[in-house]
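Below is one structure; the comments refer to it alone.
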Amino acid sequence: MSDASDTLNDFTSEPVGARRVVVLISGSGSNLQALIDEQTHDRLGGEIVAVISNEPDAYGLVRAREAGIDAVVLPHREYESRDAYDGALIKVIERHEPDLIVLAGFMRILTPRFVQRFLGRMLNIHPSLLPAYQGLDTHARALADGVAEHGCSVHFVTEELDGGPVVIQAAVDVAEGETEASLKEKVHAREHLIYAIAVKWFLEGRLQFVPGGATLDGTPLPPQGVRLSHADAAEELDEE
């Protein structure tokens with residue numbers, strides 16, 4: 001009669017299904033499209049199972065439907081309070097049993113209840129090199145300050161607005177005569193690049209949220225996360 005260890009060694013587990021992603025949007029969904037494109041080429045490391053928008057006319061919902069992804073509208077104006085809306089949003093998200101929640105231009109400040117429910121498995125992208133320029137109008141503020149370098153950051157979501165551990169950043173040199181529109185376009189390209197990288201790291205189990213920060217392959221990340229220089233990002237994007 002074999003012992004318990006032999007029995008365990010002979011046991012073959014069922015294959016684990018694809019890791020599941022829910023994306024929250026409010027607008028055009030260009031970062032969502034970048035993730036869909038990676039998924040289409042089997043480079044995402046998982047599957048986007050639903051896209052949820054608080055705005056019924058968000059173009060990102062069209063992108064989702066065209067990709068065969070469940071597109072859900074949950075209008076915030078139909079709820080009497082922020083907490084009531086977030087409670088409903090939690091229920092909708094949990095029906096899809098996601099491993100990861102991705103905020104892709106979701107223009108809502110989340111309640112502590114919501115953040116705590118998904119803490120450690122929710123990512124956001126922000127158009128600045130955090131901790132610089134938290135909040136809105138990042139490109140205009142950077143230009144007004146005359147900075148030489150700007151960019152974008154992917155970070156875990158915590159209760160501090162734009163204050164969670166940074167996973168990865170991509171920098172862009174601010175050119176002479178740079179306009180808000182031209183800077184925004186350059187930063188957008190970098191957002192599409194690094195968001196897919198961060199999502200894949202998480203879905204592959206390489207990226208983890210830990211007390212006080214984040215780790216990649218078990219190594220604590222520095223405050224700025226993995227940093228792509230202007231040259232690094234330009235090479236990846238085939239910019240001239």
Side-chain angles (χ1 to χ4, degrees), residues 23-39 44 48 51-64 66-67 101-110 122-157 160-200 223-240:
V23 182
L24 306 185
I25 64 167
S26 296
S28 70
S30 64
N31 272 305
L32 165 65
Q33 187 64 55
L35 298 178
I36 290 173
D37 292 345
E38 289 297 293
Q39 177 177 303
L44 193 62
I48 302 169
V51 172
I52 305 170
S53 175
N54 65 307
E55 294 288 357
D57 58 353
Y59 184 68
L61 292 167
V62 176
R63 298 181 191 270
E66 290 180 346
I101 318 295
V102 173
L103 307 184
F106 188 61
M107 303 304 290
R108 300 269 307 164
I109 295 175
L110 300 168
M122 185 160 48
L123 293 173
N124 183 46
I125 190 147
H126 183 74
S128 77
L129 296 174
L130 292 171
Y133 305 114
Q134 294 168 316
L136 301 174
D137 302 320
T138 61
H139 309 309
R141 290 157 61 197
L143 288 173
D145 287 345
V147 298
E149 190 177 58
H150 189 44
C152 52
S153 309
V154 178
H155 65 95
F156 278 106
V157 176
E160 181 187 352
L161 182 65
D162 301 327
V166 175
V167 174
I168 184 171
Q169 294 183 330
V172 58
D173 293 341
V174 179
E176 188 174 343
E178 195 86 73
T179 65
E180 188 175 344
S182 65
L183 187 57
K184 181 178 181 179
E185 183 178 354
K186 292 176 185 176
V187 171
H188 260 167
R190 282 154 176 78
E191 289 180 20
H192 302 162
L193 171 67
I194 66 172
Y195 217 174
I197 292 171
V199 168
K200 185 177 183 182
Q224 74 274 19
V226 175
R227 179 75 175 268
L228 294 185
S229 69
H230 176 91
D232 292 336
E235 183 176 355
E236 289 290 331
L237 295 166
D238 293 325
E239 291 179 349
E240 293 183 359

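All residue numbers refer to positions in the sequence shown, counting from 1.
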Handout entry: Euclidean distance, E235 CD relative to L228 CG, rounded to 0.5 Å
Key = 10.5 Å
Handout entry: Beyond-backbone contact of V167 with V226, side-chain heavy atoms, under 4.5 angstrom
Key = no
Practice task
Grab the two heavy atoms, one from A34 and one from H192, that are nearest each other, plus how far apart they are.
Solution key: CB-CB, 3.7 Å
Practice task
Begin with the C-alpha distance, continue with both residues' side-chain angles, and end with the deciding distance and a verdict on side chain to side chain donor-acceptor pair (under 3.5 Å) for H155 and H126.
Solution key: CA-CA 8 Å; H155 65 95; H126 183 74; 5.6 Å; no
Exercise for the section: Compare every heavy atom of G135 with every heavy atom of R141, then report the nearest pair and how far apart it is. Expected result: NH1-C, 4.0 Å
Handout entry: Check: P56 main-chain N/O paired with S53 side-chain donor or acceptor under 3.5 Å
Key = no
Exercise for the section: Identify the two heavy atoms, one from I36 and one from A67, that lie closest to each other, and give their separation to 0.1 Å. Expected result: CG2-CB, 3.8 Å
Practice task
Report the C-alpha distance between R190 and E239 in whole Å, list the side-chain angles of each, state the deciding distance to 0.1 Å, and finish with yes or no for salt bridge (Lys or Arg N to Asp or Glu O under 4.0 Å).
Solution key: CA-CA 11 Å; R190 282 154 176 78; E239 291 179 349; 2.9 Å; yes
Problem - Student check: side-chain heavy atoms of V154 and N124 closer than 4.5 Å - result: no
Practice task
Report the distance from atom CG of L110 to atom CD1 of I101, rounding to the nearest 0.5 Å.
Solution key: 10.5 Å
Exercise for the section: Please name the pair of heavy atoms, one in E180 and one in L143, separated by the smallest distance, quoted to 0.1 Å. Expected result: N-CD1, 3.4 Å
Practice task
Quick one: pull up NE2 in H150 and NZ in K186 and give me the separation to the nearest 0.5 Å.
Solution key: 11.0 Å
Practice task
Indicate yes or no: at least one non-hydrogen side-chain atom of L103 is less than 4.5 angstrom from one of I125.
Solution key: no
Practice task
Report yes or no: does E236 contribute a side-chain atom to a donor-acceptor pair with the main-chain N or O of L193 at less than 3.5 Å?
Solution key: no
Practice task
Report, as yes or no, whether the 6.0 Å neighbourhood of atom CD on E149 holds more than 12 heavy atoms from other residues, nucleotides or ligands.
Solution key: yes
Completion exercise
The reported gap from CG in L24 to CG in N54 (rounded to nearest 0.5 angstrom) is 9.0 Å
Practice task
For L32 and G60, work out which heavy atoms get closest and say how close.
Solution key: CD2-O, 3.4 Å
Handout entry: Criterion side-chain contact (heavy atoms from CB on, under 4.5 Å) on V174 and H230, from CA distance to verdict
Key = CA-CA 10 Å; V174 179; H230 176 91; over 6 Å; no
Handout entry: Side chain to side chain, P223 and V166, heavy atoms closer than 4.5 Å
Key = no
Exercise for the section: Scan side-chain atoms only and decide if S30 and H188 contain a donor-acceptor pair under the 3.5 Å cut-off. Expected result: no
Practice task
Report the C-alpha distance between Y133 and D162 in whole Å, list the side-chain angles of each, state the deciding distance to 0.1 Å, and finish with yes or no for side chain to side chain donor-acceptor pair (under 3.5 Å).
Solution key: CA-CA 9 Å; Y133 305 114; D162 301 327; over 6 Å; no
Problem - Verdict with reasoning, L123 to V157, per side-chain contact (heavy atoms from CB on, under 4.5 Å) - result: CA-CA 6 Å; L123 293 173; V157 176; 5.9 Å; no
Practice task
Please tell me if the side chains of Q134 and E160 come closer than 4.5 Å, counting only heavy atoms from C-beta onward.
Solution key: yes
Practice task
Any chance you could measure D37, atom CG, to R63, atom CZ, to the nearest 0.5 Å?
Solution key: 9.0 Å
Exercise for the section: Could you tell me the separation between the CD atom of E55 and the CD1 atom of I25, rounded to the nearest 0.5 Å? Expected result: 10.0 Å
Problem - Heavy-atom side-chain proximity of R227 to L129 below 4.5 angstrom - result: yes
Practice task
Could you tell me whether the side chain of T138 and the main chain of P127 form a donor-acceptor pair under 3.5 Å?
Solution key: yes
Practice task
Answer yes or no: is there a side-chain heavy-atom contact under 4.5 Å between I52 and F106?
Solution key: no
Problem - Beyond-backbone contact of K200 with I197, side-chain heavy atoms, under 4.5 angstrom - result: no
Fill in the blank from the handout: Tightest non-hydrogen contact, residues A196 and L44, listed as O-CD1, 4.5 Å
Exercise for the section: Establish, from distance only, whether the side-chain atoms of Q169 and S153 form a donor-acceptor pair under 3.5 Å. Expected result: yes
